[in-house]
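Sequence lines set the chain letters: A, B, ... in the order given, protein chains first and strands last, and positions in each chain run from 1.
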Number of protein chains: 2
Amino acid sequence: MIYIIGMATRCDCNQCELRTAFFNNFNEEELTVFCDRKIELPFSRGSIIISEGEEIKYFSYLKSGLVKLYRTDASGKDQIITIACPFDFVSLLGIFSETRYTYSVSALEDSVLCCIDIRHMKEIAMKNGNFSMNLMERLGAVSNKIILESLEIRKRNTHGKVAYILLKFSRDIYKDLVFDMPVSRREVAENIGMTTENVIRTLSEFRREKLIRINGREIELLKPDDLERISTYG
Amino acid sequence: MIYIIGMATRCDCNQCELRTAFFNNFNEEELTVFCDRKIELPFSRGSIIISEGEEIKYFSYLKSGLVKLYRTDASGKDQIITIACPFDFVSLLGIFSETRYTYSVSALEDSVLCCIDIRHMKEIAMKNGNFSMNLMERLGAVSNKIILESLEIRKRNTHGKVAYILLKFSRDIYKDLVFDMPVSRREVAENIGMTTENVIRTLSEFRREKLIRINGREIELLKPDDLERISTYG
DNA sequence: ACAGTGTTATGATAATTATCATTTTGTGAT
DNA sequence: ATCACAAAATGATAATTATCATAACACTGT
């Protein structure tokens, strides 16, 4: 079950900037039918969008905001699988091979999801080969990114890991050397596989070495090239 | 370019045990067309099947044998992404979103690949929605498995990691408590993200504690339940 | 304003893991 | 058979990382 914060609204697809990004294979009629069944769901920062184990009812992608995909193990510890930006799919490749989610999703910032009934999505994919291929390409790219990132993180030591994720936030997500960290230090740790204390410690070291400036959650990369070197070395 | 060891042969799809497993959505005509363009390629143990960066020309899956998918970084170190068994796809995720391979593949055992021209594959996917969905499901399942396994390995300590991969070989690949390790200790290390020495040391500890019996590459799991506990704890 | 709670921060210490050095064993090529 | 080379094995040591303890700070609800 999806927890709806606020009103679900019909998406005006003619206005939707995502239209060409995702569904450039539709003709007018198909697009109309598609959009008729599509809804937008707003979620406020911190709310849980999907809980691991619940039934997959929607295919969804992120229209605005920022969300994290994560797993919780038996002892209650979380592992962040990836952080999804606007235009990213929240539904991963498993969407068609599984009936239940193998991960949870929660909103790091106020976010809006576009959701389409999964059965409807399958129907369209069955009929429209171009759509199907487009979807496969996109889903493949997302999975690929997650796997490669996981391998990149794995081979780094603590300094390399922290440098890597700082650069990721700066380049991929905020496109700015100054940004507010959307996640706590603990969540950073859950993302890159280290302890919270060591994330904090490493950030402090970077600050002392004047590689970054820290003001609470606000972070400025002062020497991105040096961070790059640290990230690549590990 | 695919390095062909031995003769490429036409696949007799009527005999092929993989037919129903993969392509149960074809009618007779489609299957005939499909099989006309499908070839089998044999590779001997140790040979490189795909090199990172080369153009994707075929969609391929493993008919028999065992192969590893891996990446090589700038310093020449390998990371094993996954080990593929018969019935597994060798073409992953990126197959439709990339034009070049982002990983290499080599044969751990004498192996036979079934290869289909990627353009032909796309054509069929465009026309046949059922086929497309089936393919998406399969690709999704593979990607999902890789991502989850990567997360599982990441959260374990050295003992947990080694126990995990021993159980994987025993259960998932050989379905026997006694098996010949298809990979060297170094490759195990590259698979689970530790040093070769620590893999060897941990195996020796398991041997001393009578959890396993080691005879070169032959390994017998003497106390799988204890290994299970070690794997789950980490 | 205040208590309660979680996050950030830092230090001391323990545990884990990697590195380096060396020996033994196994394997393939000639 | 034997030479050469890679793999397996082990120990000693160094480096890295986690754990535990504690404190300051910030945020939330009353």
- Message: Is it true that, when you exclude A:Lys175 itself, more than 12 heavy atoms of the residues, nucleotides or ligands shown sit nearer than 6.0 Å to its NZ?
- Response: yes
- Query: Roughly, in whole Å, what's the span from NZ in B:Lys77 to C1' in C:dT19?
  - Reply: 11 Å
- Locate the shortest heavy-atom distance separating B:Glu52 from B:Ser104; write the atom from each residue and the value. N-OG, 2.8 Å
- For B:Glu218 and D:dA8, give me the distance from atom CD to atom P, rounded to whole Å. 15 Å
- Does any N or O in the side chain of B:Asp172 come within less than 3.5 Å of the main-chain N or O of B:Phe169, such that one atom is a donor and the other an acceptor? no
- Task: Identify whether the distance between the nearest side-chain nitrogen and carboxylate oxygen of B:Arg186 and B:Glu190 falls below 4.0 Å.
- Result: yes
- Any ion pair linking B:Glu228 and B:Arg171 (charged N to carboxylate O, less than 4.0 Å)? yes
Detail all sub-3.5 Å separations between protein N/O atoms and N/O atoms belonging to nucleotides 23-30 of chain D.
none

- Within 45° cone of A:Tyr70 ring axis and under 6.0 Å: A:Lys68 NZ or CZ: yes
- Message: Just the rounded figure in Å: distance from C1' of D:dA18 to CZ of B:Arg154.
- Response: 16 Å
- Query: Roughly how bent is the helix from C:dA1-D:dT30 to C:dT30-D:dA1 end to end, in steps of 10 degrees, with each end axis from five pairs?
  - Reply: 60°
- Message: Tell me whether the count of non-hydrogen atoms from other residues, nucleotides or ligands lying under 6.0 Å of CZ in B:Arg207 goes above 12.
- Response: yes
- Message: If I compare all heavy atoms of B:Val67 with all of B:Ile49, which pair ends up nearest, and what's the gap?
- Response: CG1-CD1, 3.6 Å
- Query: Taking NZ from B:Lys161 and P from D:dT17, how many angstroms apart are they, rounded to a whole number?
  - Reply: 12 Å
- Note on the structure: B:Phe206 CZ to D:dT10 C1', in whole Å, measures 17 Å
- Message: Any carboxylate oxygen within less than 4.0 angstrom of a Lys/Arg side-chain nitrogen, looking at A:Arg71 and B:Glu152?
- Response: yes
- Atom CZ of B:Arg156 and atom C1' of C:dT16: how far apart are they, to the nearest Å? 17 Å
- Salt-bridge present (A:Glu40, A:Lys63; N to O < 4.0 Å): yes
- List the protein contact pattern of nucleotides 4-12 of chain C with one symbol per nucleotide (5' to 3'): B for base contact, S for sugar-phosphate-only contact, - for none; contact means a heavy-atom distance under 4.0 Å. ---SSBBBB
- Do B:Lys168 and B:Glu149 sit within salt-bridge range, that is, some charged N less than 4.0 Å from a carboxylate O? yes
- For atom CD of A:Glu205 and atom C1' of D:dA15, their distance in whole Å: 13 Å
- Item | Euclidean distance, atom CE of residue B:Met194 to atom P of D:dA8 [Å, nearest integer] | 14 Å
